[in-house]
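Note on naming: letters A, B, ... go to the chains in the order of the sequence lines (proteins, then strands), and numbering restarts at 1 for each one. Note that this is a predicted model, so its numbers are computed, not measured.
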Protein chains: 2
Amino acid sequence: MKSVPRAQDVANLAQVSQSAVSRTFTPGASVSDDTRRKVLAAAQKLGYRPNALARSLITRRSRIVALVMSYLENQFYPLVIEKLSRKLQAEGYHVLMFISEMDEAADGVLAEILQYQVDGVVMASAMLSESLAQRCSDLGVPVVQFNRISDLRGLARHSASSVTSDNYAGGRLAAKLLVERGYRHIAFLAGLEDSSTSLERERGFVDGLAASGLSVFRRAVGRYRFDGAQEATRELFAQEPPPDAIFAANDHMAIAAMDVLRLELNLEIPRDVGVIGFDDVPEAAWGSYRLTTLRQCVEPMVDATARLLCEQMAAELCPRDVVVPCELIERASIRQRQRG
Amino acid sequence: MKSVPRAQDVANLAQVSQSAVSRTFTPGASVSDDTRRKVLAAAQKLGYRPNALARSLITRRSRIVALVMSYLENQFYPLVIEKLSRKLQAEGYHVLMFISEMDEAADGVLAEILQYQVDGVVMASAMLSESLAQRCSDLGVPVVQFNRISDLRGLARHSASSVTSDNYAGGRLAAKLLVERGYRHIAFLAGLEDSSTSLERERGFVDGLAASGLSVFRRAVGRYRFDGAQEATRELFAQEPPPDAIFAANDHMAIAAMDVLRLELNLEIPRDVGVIGFDDVPEAAWGSYRLTTLRQCVEPMVDATARLLCEQMAAELCPRDVVVPCELIERASIRQRQRG
DNA sequence: TTGAAAGCGCTACCAG
DNA sequence: CTGGTAGCGCTTTCAA
C-alpha cells in the first residue's frame, strides 16, 4: 500500500510548479505543450489522478447526482438506473444511490443528499413528498422528478422539473383500444392511490371510456405490488358479472393479474378477458405473457432527464416539464382487430 | 437561492469557536452539553449540515462505496443494489454506481472510481478483469467481488475478498435432484463461459451426475441472456433424442428455456422436460413458471459483503472468501417425488 | 504562459 | 472542555 501521489509530487518530478500540474488537468486552461508533456509523463509514471473531492471543494461542483428510489421490484426502475448511469457517466457525472423506505420522511434522505454536495437530484421514488423537491430547489440544487409530477393541476409554478410519459394519452388509448376490440366491462387496476402516474393513467382511461359512452366497470387497487395486484384481481372477479377486460396501471401488476386470471380463474386471455398494461418491461414480451402495453420509452425519458439536469446545473434555468409520448405495443393479451 | 451556511456561520451565531461546531458534529468528540445545545440550536436555525466533501478531504474517508455492475437485465442484480444500498446506508455509507460495458477495459472504470476516493469497491459485474481488483488493492482500497471469484484454483492469495453462494454444492444438488426424479438425459445451459458462477455450477453438476454414473447429456451456452438462452434451448432440442431435463446456470435463462419448451416445442413441464434454475429471482415464483431453483440468499450475501467491506475499511485485514449456502426451492418445474 | 500564494470547509492537533 | 492554528489536495487569483 503505497501512498497516493498528489499534484505536488508530480510537480516535483516534472520540475514545474504545482499550478502547472493543476492546469494540465483542467480542460481549457493555458499550458504550453512542453509543460503539458512533462506533467503528463510524470503523472503517468506516478499513477497520478486528481482528487475529485478536493477539486469539488473549490469548484463547488461535485459531479455527483443523487438518484432516489424506493423499490426495484418493478423492472422498469432497474432499466432507468442502468441507462441513466450510463448517460450521466458519459457526461462526466456519477450516480449516488439513495434507497428510501416508501413511508420514510423526506427529511432524513434530504439531509444525507445535501451533505454530499450533489449537483442535482433525480427523484424516481413514487413516494417522497413534494417538500423534498422544494427544499432542494431552495438550496439551489436542481431536481428532476422522474416518472412523477408533484402538482397535477399546475396551479403553482413548481420548483422541480419533471419527466413523464404521456400517461393521460396512454390511458385514453388503452380505453379506446379495448372498446374497439369489443370489450365492454372494463376494469381498472390502480397503482398507488396518490401517485401521479396511476392517477393520470386512470384519468385518461376514464375519459377514453366516456368517449365511447362507457364508464369504468369496476376498480381495485394493487399498490404497484405483485401480491397486491393478485389480490385486487380476485376482488375484481368476485362479483357477478365479471369484467371482460383489465387495464392495469403498470405491467408488473398486469402480469400478476394474468397469472390469477389463467391459473386461478381458468379464464382464457384474450378471449374471456383482455389485459393491457403500462411500461413495456422486458417481462411483458416473454412468451408466457405477450402483454399488450403502453411503452414508456426509457431512452428518451432518460435523455430528457439528463438534459434537464445538465441545463439546470450549468445555468440557473427555470424548471421545465417534459412529456414523452407513449408507444402502443400490441401483443397477444387483447383480441385481434376484427377482419372485414 | 441563499448561500449554504458554513461551520463558521454557526460558530458566530452560537458564540463559540468553529472548532466547537466541528466537535458537535463529530461523534465521540468531547463537548459540554451546554456548548452542544447552543451549537445545535444555531445549526438548526441556519439549516447547517457539515460538508461531507471537506470532511473527507481531511479524514481520508469518503464514506462512499463504488458498486460496479454491467447489466441489470437479470433481476437478481437490482435486488442486490437495493439491499446493499440499504445496508450500507444504515452503516453511514453510500453507493456510487458504475455501469461498465461488458467488454470495457477495466482501466477507464478504475480511473473514475479512484478519483472519487471511494472507501471500498464492490464488483458485481461478471466481466471485469482481475487486474482491476488487483490495482485497487495495491492502492489500499478494499475490494469485494460479489457473486464471482477471480481465481478458481486459489493458488495465489488473491487481492480481493469475495462473496459467493455455494455454486458447486448447488450444481451438485441440481444433478442429484433431477436424477432422483427420474430424469436421465440431462442438459446443461451454461451462462458465460468464463464466469466463475457458471463454471462452478457446471462443475458441481458434472460431479453430481457422475455420482449417479451419468454424464451431461448435452450442453449449450446462453451467455446469461434471455435471447441467448432461447437460442441455446432450440439447439439443445435440435437433435434426437432430445434431453428430458435442463439445468440452467440461472433463473433468467431457465425461464427463457421454459417459454421455448412450452410454446415452441409443445413440451409439457415437468412431465416431458424438467427444469432447474439458479438464483430464485422473483419471477421464478410467478404462477406461469413455478420454477424449481437454487436460491442465492441475497440477504446473507449482502450482509457478508457489507461486513467484509467495513472490516477491511476499518483495519488492514486480509481479504477473505465467504461462501453462503444455497437453498433448494422446490416448485413445479420438475416431477414430484415418487410416492410409495 | 508561469509560479507564488490564498483559500474551499472542514478536522485534528495543540496549549491552556 | 475549549479556542487557536495548521493543513487535507486542489483551483484560482495575481504579478511577473
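Read 5' to 3', the first and last nucleotides of DNA chain C with an atom closer than 4.0 Å to a heavy atom of chain A are dT1(C) to dG9(C). Protein chain B touches strand DNA chain D; the 5'-most and 3'-most nucleotides with an atom under 4.0 angstrom of its non-hydrogen atoms are dC1(D) to dG9(D).
Among all heavy-atom pairs drawn from Pro300(B) and Cys297(B), the shortest one is CD-O, 3.2 Å. Here the shortest heavy-atom pairing between Ser62(B) and Asp119(B) reads N-OD1, 2.9 Å.
For the salt bridge (charged side-chain N to carboxylate O under 4.0 Å, His left out) condition, the pairs that include at least one residue of residues 73-84 of chain A, sequence neighbours left out, are Glu73(A)-Arg225(A), Glu82(A)-Arg86(A), Lys83(A)-Glu299(A). For residues 57-72 of chain B, no pair satisfies salt bridge (charged side-chain N to carboxylate O under 4.0 Å, His left out), with sequence neighbours left out.
Summary for the helix from dT1(C)-dA16(D) to dG16(C)-dC1(D): the axes at its two ends, each from 5 pairs, differ by 40° when rounded to the nearest 10 degrees.
Among the candidates Leu110(B), Leu67(B), Val122(B), Val68(B), the single residue satisfying the side-chain contact (heavy atoms from CB on, under 4.5 Å) test with Phe98(B) is Val68(B).
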Please table the atom pairs, donor to acceptor, closer than 3.5 Å between any side-chain atom in residues 19-42 of chain B and protein atoms at least two apart or in another chain.
from, atom 1, to, atom 2, distance (Å)
Thr24(B), OG1, Ala20(B), O, 2.8
Thr26(B), OG1, Ser22(B), O, 2.8
Ser32(B), OG, Thr35(B), N, 3.2
Ser32(B), OG, Thr35(B), OG1, 2.8

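Applying a 4.0 Å cut-off to non-hydrogen atoms, the residues of residues 10-20 of chain B that approach DNA chain D are Val16(B), Ser17(B), Ser19(B), Ala20(B), listed by residue number. At a non-hydrogen distance threshold of 4.0 Å, Ser30(B), Val31(B), Ser32(B) from residues 24-32 of chain B come into contact with DNA chain D. A heavy atom lying under 4.0 Å from DNA chain D marks the following residues of residues 47-59 of chain B, by number: Leu57(B), Ile58(B).
Qualifying side-chain hydrogen bond (donor to acceptor under 3.5 Å, both in side chains) partners for Asn51(A), counting only residues two or more places apart in sequence or in other chains: none. For Glu311(B), the side-chain hydrogen bond (donor to acceptor under 3.5 Å, both in side chains) partners two or more places apart in sequence, or in a different chain, are Arg320(B). In this structure, the ring-ring contact (aromatic ring centres under 6.0 Å, His included) partners of Tyr116(B), at least two apart in sequence or on a different chain, are His94(A).
For the residue pair Ser161(A) and Gln312(A), a side-chain donor N or O sits within less than 3.5 Å of a side-chain acceptor on the partner.
Using a 4.0 Å heavy-atom criterion, one finds that Arg23(A) contacts the bases of the nucleic acid, with or without backbone contacts as well.
Using a 4.5 Å cut-off on side-chain heavy atoms (C-beta onward), Tyr224(A) and Thr197(A) make contact.
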